[in-house]
Chemist: 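Quick one: structure below, then a few questions.
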Amino acid sequence: MKILAIETSCDDTSVAIVEDGSYILSSVVSTQLEHNKYGGVVPEIAARAHIQNIIPVLDEAINEAEVTWNDIDAIAVTKGPGLIGSLIVGVNTARTLALLHKKPLIAVHHTEGHIYANWLSKGTTAYKARFPLVCLTVSGGHTNLIYMKDHLQYEIVGETHDDAAGEAYDKVAKLLGLGYPGGPLISLLSEKGDKHKYPFPLVDLTSAPKRDEEGYLRDAEPSLDFSYSGLKTAVLRKIKQLTLNNEHLDEKQKADIAASFQYTTNEILARNLKRAVDKYKPKSILLSGGVAANTKLREQIKSKLETRNSKFTFPERNCCTDNAAMIGAAAYYHALKQDYIDPEELTPDPNYKLT
Ligand code: KG4
Ligand code: ZN
């Protein structure tokens, strides 16, 4: 089954054609560089750029896959969450194409797309996750631990109380004057830094011991939730302390801050993932989302899971950040259940919940 998928939830315009939820026949991503000079995504600019990019990106994806509309079995699109102006462009394009070419239409949640990026393959062997599984999804908008008993069954067992980990990467990059998106730039700069130079707080949301019904104090269960605002503030304080007399950070100081921040952020993620693995004893452990592209994060998780038997996987680097192929992968499992939506009824939802 060949699915043409569209993803426009943030600042990447993307169209892909994916066969059987795994094989990428084409995947075109047009990244909007217009936002770099503002240090973050400007919603109005993003929406306008999607309108300009969507048709050329669509044509390129069809040409690259060497298919015609007759070969396409269904159309999939990100319904949400995301920026409303951006989502509208993808959803309206998908609705129009579905009506025009009389194809079934599938609505996909952005996070489920990130999870299913793990099933994508450019080769001939499809990935087979074993259920139950635990997936850590870390992007610019979300930091979630998700437990899945089977395909499309999601239980969020850990989430952030404030900033997402990718957002923290972007904000710290801004404090260091590095540019946007911050994650890859912090990662590059960290190579020249000492990760132990500044011991930033390893924020742990495990609460104080609680009293049971009989009044006895019981140890609190380890929390699977995250918080990144405290870490971000600690970095800001350190920068202020180092630049008290209006001095500028030198390159070594910047690299040490980047490396120490990256190490701490990743350690919090890896530690909570390990806790979830200990609690749920999954057969597969997945990592996904833009921050999953971070090599050190993969290494830190691997070293924590060394003694576990479950298989740990993560998508290819270019499938970690936003792309339409991941939407096509998730859509395949909806199509198997004939989970289609009437084009007249599909609306974008910036706060779409994963259920
Ligand atoms: O999944 P994604 O492309 O978009 C959202 O759904 O948010 O994730 C983007 C986020 C950004 O915050 C970006 O800084 C981060 O992923 N990111 C990285 C790396 N590559 C992208 N963070 C750390 N290390 C990387 N190599
Ligand atoms: Zn994303």
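In listed order, ligands and their atoms are each counted from 1. Every heavy atom of this structure was used, including side-chain atoms; hydrogens, water molecules and symmetry mates were not.
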Chemist: Short list, please: which atoms of ligand 1 are under 4.0 Å from a heavy atom of G166?
Modeler: 12 (O)
Chemist: Is any side-chain N of the basic residue among R218 and D212 closer than 4.0 Å to the acidic one's carboxylate O?
Modeler: yes
Chemist: Name the closest protein heavy atom to atom 3 (O) of ligand 1, giving the residue it belongs to and the distance to 0.1 Å.
Modeler: D322 N, 2.9 Å
Chemist: Angle at the Zn ion (ligand 2): provide the value between NE2 of H114 and OD1 of D322, rounding to 10 degrees.
Modeler: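 About 100° at the Zn ion (ligand 2).
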Chemist: Are R317 and ligand 1 in contact, using a heavy-atom cut-off of under 4.0 Å?
Modeler: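 Checking ligand 1 against R317, which is what was asked, there is no heavy-atom contact under 4.0 Å.
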Chemist: Below 2.8 Å, any N, O or S contact between H110 and the Zn ion (ligand 2)?
Modeler: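 Checking the Zn ion (ligand 2) against H110, an N, O or S atom does fall under 2.8 Å.
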Chemist: Against ligand 1, does C10 come closer than 4.0 Å with any heavy atom?
Modeler: no
Chemist: May I ask you to say whether E299 pairs ionically with K296, meaning some side-chain N is under 4.0 Å from a carboxylate O?
Modeler: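 Looking at K296 together with E299, the answer is yes, because their closest N to O distance falls below 4.0 Å.
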Chemist: Can you say whether the rings of H110 and H114 are parallel (under 30°), tilted (30 to 60°) or perpendicular (over 60°)?
Modeler: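 It falls in the perpendicular class, over 60°.
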Chemist: With atoms numbered from 1 as shown, which atoms in ligand 1 lie under 4.0 angstrom from a non-hydrogen atom of G141?
Modeler: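 Close to G141: 7 (O).
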Chemist: In terms of atom number and element, which parts of ligand 1 are under 4.0 angstrom from non-hydrogen atoms of H114?
Modeler: 1 (O), 6 (O)
Chemist: Just to be sure I read this right, does ligand 1 sit under 4.0 Å from the backbone of T321, its side chain, both, or neither, counting only heavy atoms?
Modeler: both
Chemist: Just jot down the ligand 1 atoms closer than 4.0 angstrom to any heavy atom of D170, in number order.
Modeler: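 Answer for ligand 1: 11 (C), 12 (O), 13 (C), 14 (O).
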Chemist: So with a 6.0 Å cut-off around NZ of K174, is the heavy-atom count from everything else above 12?
Modeler: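 It does not: K174 NZ has 12 such atoms or fewer within range.
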Chemist: Ignoring hydrogens, just give me the one of S9, G183, G182, S139 whose non-hydrogen atom is nearest atom 25 (C) of ligand 1.
Modeler: G183
Chemist: What do you reckon, are the aromatic ring centroids of H151 and Y116 less than 6.0 Å apart?
Modeler: yes
Chemist: How far is atom 15 (C) of ligand 1 from the closest protein heavy atom, and which atom is that?
Modeler: V291 CG2, 4.0 Å
Chemist: Any chance you could lay out the ring pair (Phe, Tyr, Trp, His ring centres under 6.0 Å) test for Y169 and F261, step after step, and finish with the verdict?
Modeler: CA-CA 8 Å; Y169 265 100; F261 163 78; 5.2 Å; yes
Chemist: Quick check: S187 and ligand 1, any N/O pair under 3.5 Å apart?
Modeler: no
Chemist: Just which atoms of ligand 1 are under 4.0 Å from any heavy atom in H110?
Modeler: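 It comes down to these atoms of ligand 1: 6 (O).
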Chemist: Mark yes or no for whether D20, through its side chain, and M1, through its backbone, hold a donor-acceptor pair below 3.5 Å.
Modeler: yes
Chemist: Any donor-acceptor pair under 3.5 Å linking the side chain of E64 with the backbone of A61?
Modeler: no
Chemist: Do ligand 1 and G290 have nitrogen or oxygen atoms that lie under 3.5 Å from each other?
Modeler: yes
Chemist: Between K279 and E221, is there a side-chain N and carboxylate O pair less than 4.0 Å apart?
Modeler: yes
Chemist: What is the nearest protein non-hydrogen atom to atom 24 (N) of ligand 1, stated with its residue, atom name and distance?
Modeler: N294 ND2, 3.0 Å
Chemist: Below 4.0 angstrom from a heavy atom of G140, which ligand 1 atoms are there? Numbered from 1 as shown, please.
Modeler: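 This gives 5 (C), 7 (O), 8 (O), 9 (C), 10 (C), 12 (O) as the contact atoms.
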Chemist: With the threshold set at 4.0 Å, does a side-chain nitrogen-carboxylate oxygen contact exist between K171 and E167?
Modeler: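 Result for this pair is yes, salt bridge flagged.
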Chemist: When you check the gap from the basic side-chain N to the acidic O, do K238 and D256 get nearer than 4.0 Å?
Modeler: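 D256 and K238: not salt-bridged.
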Chemist: Answer side chain, backbone, both or neither: which part of H142 comes under 4.0 Å from ligand 1, heavy atoms only.
Modeler: neither
Chemist: Side chain, backbone, both or neither: which part of Q262 has a heavy atom under 4.0 Å from ligand 1?
Modeler: neither
Chemist: Please report the interatomic distance OG(S9) to CD1(I84), rounded to the nearest 0.5 Å.
Modeler: 11.5 Å
